[in-house]
Amino acid sequence: MNIIVIGGGAAGLMAAGTAAEQGAQVTLLETNEKVGRKLFITGKGRCNVCNNCDVQEVLRNVPVNPRFLYSALGRFGPADVMDFFENHGVALKTERGNRVFPQSDKAADIIDALFLWVKKAGVTIVHTTADELLIEDGVLTGVSAGHKTYK
Ligand SMILES: Cc1cc2nc3c(=O)[nH]c(=O)nc-3n(C[C@H](O)[C@H](O)[C@H](O)COP(=O)(O)OP(=O)(O)OC[C@H]3O[C@@H](n4cnc5c(N)ncnc54)[C@H](O)[C@@H]3O)c2cc1C
């Protein structure tokens with residue numbers, strides 16, 4: 001199966017890597033020259049990766065419509081996030097308020113881990129801007145970006 005992911009932020013990188021690990025041919029379109037750029041500024045450059053608590057506690061602290069997150073967090077909660085990064089070489093620490101950061105205090109380590117993971121999983125990263133979704137007979141069939149079409 002061919003999958004196109006638009007945007008190489010935290011969400012797009014996780015989506016692309018997961019799909020590729022499950023056997024899909026994944027092309028990730030990212031407008032910037034590097035993926036994960038916004039992650040550099042998260043947590044004042046340290047990236048507050050998640051909170052070291054159970055899913056119920058996360059949901060109790062979501063001010064608006066926590067039920068929206070119920071399914072996603074049930075499948076991949078804070079413990080899974082921590083396992084993911086530790087298994088991909090990022091040592092973590094828990095600070096005041098159960099906030100989890102890389103031991104290095106560097107958000108760049110989170111970006112590097114995600115980048116290396118998607119590359120190892122076989123994701124093709126193309127630095128281009130997705131302009132338009134291509135829809136044929138009501139079915140999404142691809143994306144146009146620059147002068148190219150990705151089916
Ligand atoms: C100052 C600040 C601090 C934060 N701190 C934290 C924190 O410590 N912990 C935390 O969990 N969250 C934090 N956040 C929130 C976090 O940054 C976002 O929740 C997260 O980045 C969202 O990821 P995303 O992949 O959905 O979107 P983004 O990170 O915005 O990624 C979207 C990507 O898509 C690309 N893109 C957009 N349009 C196109 C297009 N047409 N074609 C190709 N590519 C395109 C963009 O270039 C970008 O790389 C912080 C946010 C800010 C602003």
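In this chain, residues are counted from 1 in sequence order. Order of appearance sets the numbers: ligands from 1, and atoms from 1 within every ligand.
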Do [X] and [Y] have side-chain heavy atoms sitting under 4.5 Å apart?
X	Y	result
Leu69	Arg67	no
Leu39	Leu114	yes
Glu21	Trp117	yes
Val5	Leu13	no
Ile135	Thr141	no
Leu73	Val58	yes
Val143	Ile6	yes

*asked:* With ring-ring contact (aromatic ring centres under 6.0 Å, His included) as the rule and sequence neighbours excluded, what pairs involving residues 119-151 come up?
replied: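 As it turns out, there is no ring-ring contact (aromatic ring centres under 6.0 Å, His included) pair with a partner in residues 119-151 once direct neighbours are skipped.
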*For Gly9, take its heavy atoms, then give the atoms of ligand 1 lying under 4.0 Å from any of them.*
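Near Gly9, the atoms of ligand 1 are 25 (O), 29 (O), 31 (O), 33 (C), 49 (O).
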*Ligand-residue contact atoms, ligand 1 with Asn32, heavy atoms, under 4.0 Å*: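 The list of qualifying atoms is 47 (O).
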_Determine whether any protein heavy atom is located less than 4.0 Å from atom 31 (O) of ligand 1._
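Neighbour list for atom 31 (O) of ligand 1 includes protein heavy atoms (cut-off 4.0 Å).
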*Could you tell me whether atom 15 (C) of ligand 1 has at least one protein heavy atom nearer than 4.0 Å?*
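No, because not a single protein heavy atom sits under 4.0 Å from atom 15 (C) of ligand 1.
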For residues 74-92, which side-chain N or O atoms pair as donor and acceptor with protein atoms under 3.5 Å away, sequence neighbours left out?
| unit_1 | atom_1 | unit_2 | atom_2 | d |
| --- | --- | --- | --- | --- |
| Asp80 | OD2 | Gly77 | N | 2.8 |
| Glu86 | OE2 | Leu92 | N | 3.2 |
| Asn87 | ND2 | Asp83 | O | 3.1 |
| His88 | ND1 | Phe84 | O | 2.7 |

Report the nearest protein non-hydrogen atom to [atom]: residue, atom name, distance rounded to 0.1 Å.
atom	result
atom 52 (C) of ligand 1	Ile41 CD1, 4.4 Å
atom 42 (N) of ligand 1	Ala130 N, 2.9 Å
atom 44 (N) of ligand 1	Thr31 N, 3.2 Å
atom 11 (O) of ligand 1	Asn48 O, 3.5 Å
atom 6 (C) of ligand 1	Thr42 CB, 3.4 Å
atom 39 (C) of ligand 1	Ile6 CG2, 4.2 Å

*Option set Gly43, Gly12, Gly7, criterion heavy-atom distance to atom 5 (N) of ligand 1, minimum*: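 Among Gly43, Gly12, Gly7, the closest heavy atom to atom 5 (N) of ligand 1 belongs to Gly43.
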_For atom 26 (O) of ligand 1, tell me which residue out of Ala11, Gly45, Ala15 has the closest non-hydrogen atom._
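Of the listed residues, Ala11 has the closest heavy atom.
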Give the contacting part of [X] toward ligand 1: side chain, backbone, both or neither, where contact means a heavy-atom distance below 4.0 Å.
X	result
Leu29	backbone
Lys38	side chain
Asp131	neither

*Any Lys/Arg nitrogen of Lys93 or Asp105 sitting under 4.0 Å from an Asp/Glu carboxylate oxygen of the other?*
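Result for this pair is yes, salt bridge flagged.
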*Compute the minimum heavy-atom distance from Glu30 to ligand 1 and say whether it is under 4.0 Å.*
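The answer is yes: ligand 1 sits under 4.0 Å from a heavy atom of Glu30.
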*Does some non-hydrogen atom of Leu39 fall short of 4.0 Å from ligand 1?*
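The answer is no: ligand 1 sits nowhere under 4.0 Å from a heavy atom of Leu39.
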*Please assess Asp131 against Ser144 for the test side chain to side chain donor-acceptor pair (under 3.5 Å), listing each intermediate value before the final yes or no.*
CA-CA 6 Å; Asp131 299 316; Ser144 79; 4.7 Å; no
*Between the side chain of Asn48 and the main-chain N/O of Val100, is any donor-acceptor distance below 3.5 Å?*
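Yes: the side chain of Asn48 pairs with the backbone of Val100.
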*Would you check whether Thr129 has a nitrogen or oxygen atom less than 3.5 angstrom from a nitrogen or oxygen atom of ligand 1?*
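Looking only at distances, the answer is no, because the N/O contact criterion of under 3.5 Å is not met.
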*Give yes or no for whether the N/O distance cutoff of 3.5 Å, strictly under, is met between Cys47 and ligand 1.*
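In this structure, Cys47 places no N or O atom under 3.5 Å from an N or O of ligand 1.
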